[in-house]
Amino acid sequence: MATKTTKAASTKVTKASAAKATKASATKTTKAASTKVTKASATKETKASATKTAKESAQAKSKAAATKTAKATKTSQKQKGTRSQTAQEKALSTELEKILPELDAEGLQFLLDQARVHLYNMQIDRMRAEAENEKTATRGTSKTAVETCNVEIKRGQNSDVYHIVCNGHFSMFNSDEMLSIVRICHGQDDDVEKKSRLYHWFFRERRDFLNDNGIADIHSQVLDMLYQLVKKRFKI
């Protein structure tokens, strides 16, 4: 009888233990599944966030590139002097385009030469007008502001070398280069055209001088002071 009772009790304990183990296993499985779902959800949200950030970054870069391109185009057009044509100019351009195929090489060369001369004269007229406007706008500039720029010309120990000193910055020129500068400054044209020629000479031959001294165009104060100094100090 005692053995039967013991077996029954053992069976009961075993069933209880098995039930407890099953419950624990189910709880563990549920937690693992929940953790997996949570991780999957977090991964999905992270990927979505990364995708959104990448898209926003791409859009920002695209917008910045478009803005930069637009500015560069505008600057390029300004430097080239492009402008909108009037209705009369457009009509004349159209008529000229119709005639061009009928001309021979001599006629085309003649038109090209005339166009270049006329374009050059237009540019000079525009620069004169700009110089006059700038002179009018800066008449009230104080003497102190003008004196902030200092330009000197020093001859080196070697007689074939000259130094143009702008605000303490030395630029070396050989005798041939200096002679070219002097000839331009003492030319037969008016001051505006001579300064234009001087600027373009530096642009072709010594662009480093323009860059080192911040000379962006013919209206530069440094260029004007150099021009006046060369005319005063050197004679031909």
(Q) Test side-chain contact (heavy atoms from CB on, under 4.5 Å) on Val151 and Val222; report intermediate values, then the result. (A) CA-CA 7 Å; Val151 179; Val222 174; 4.2 Å; yes
Q) Taking it one step at a time, do Phe234 and Leu229 satisfy side-chain contact (heavy atoms from CB on, under 4.5 Å)? A) CA-CA 8 Å; Phe234 295 89; Leu229 180 61; over 6 Å; no
Q. Under the side-chain contact (heavy atoms from CB on, under 4.5 Å) criterion, do Leu111 and Gln114 qualify, and how do the steps go?
A. CA-CA 5 Å; Leu111 284 180; Gln114 292 298 310; 5.7 Å; no
Q. From Ile218 CD1 over to His200 NE2, what is the distance, rounded to the nearest 0.5 angstrom?
A. 8.0 Å
Q.
Taking NE2 in His186 as the centre, count heavy atoms belonging to other residues, nucleotides or ligands within less than 6.0 Å. Is the count above 12?
A. yes
Q: For residues Ser180 and Trp201, report the shortest heavy-atom separation together with the two atoms involved.
A: CB-NE1, 3.7 Å
Q: Drop me the distance from Arg206's CZ to Glu177's CD, to the nearest 0.5 angstrom.
A: 5.0 Å
Q | Distance (rounded to the nearest 0.5 Å) between Cys166 SG and Ile215 CD1 | A | 6.0 Å
**Q.** Interatomic spacing from CE in Met178 to CZ in Arg155 - rounded to 0.5 Å
**A.** 10.5 Å
Q.
Could you go through Lys231 and Asp191, starting from their C-alpha distance and side-chain angles, then the distance that decides it, and tell me whether this counts as salt bridge (Lys or Arg N to Asp or Glu O under 4.0 Å)?
A. CA-CA 11 Å; Lys231 285 182 62 179; Asp191 288 340; 3.5 Å; yes
Q: State the CD-NZ distance between Gln228 and Lys232, to the nearest 0.5 angstrom.
A: 10.0 Å
Q) Should we count CZ of Arg183 as having more than 12 external heavy atoms under 6.0 Å? A) no
**Q.** Any Phe209 side-chain heavy atom under 4.5 Å of Met172 side chain
**A.** no
Q.
Distance alone, cut at 3.5 Å: any donor-acceptor contact between the side chains of Gln85 and Ser93?
A. yes
Q.
Using modelled atom types and a 3.5 Å cut-off, is there a donor and acceptor pairing between side-chain atoms of Tyr199 and backbone atoms of Ser220?
A. no
Q) Does the side chain of Tyr162 come within less than 4.5 Å of Lys154's, by heavy atoms? A) no
Q: Give, for atom CG of Leu103 and atom CG of Leu96, the distance between the pair rounded to the nearest 0.5 Å.
A: 8.0 Å
Q: Check the pair Ser171, Asn213 against side-chain contact (heavy atoms from CB on, under 4.5 Å), reporting the backbone distance first and the verdict last.
A: CA-CA 10 Å; Ser171 298; Asn213 296 287; 4.1 Å; yes
Q. Any cation-pi pair here, Arg207 with Phe202, using under 6.0 Å and within 45°?
A. no
Q: Return yes if some donor-acceptor pair links the side-chain N/O of Asn167 with the main-chain N/O of Asn150 below 3.5 Å, else return no.
A: yes
Q: Among Val165, Ile181, Leu226, find the residue that satisfies the side-chain contact (heavy atoms from CB on, under 4.5 Å) test when tested with Ile153.
A: Leu226
Q. Are side-chain heavy atoms of Val161 and Phe173 found at a separation under 4.5 Å?
A. no
**Q.** Single-linkage hydrophobic cluster Leu108~Ile99, side-chain heavy atoms < 4.5 angstrom
**A.** yes
Q) So do Asp160 and Asp176 actually touch side chain to side chain, heavy atoms under 4.5 Å? A) no
Q. Do Glu89 and Thr86 have side chains that get closer than 4.5 Å, going by heavy atoms?
A. yes
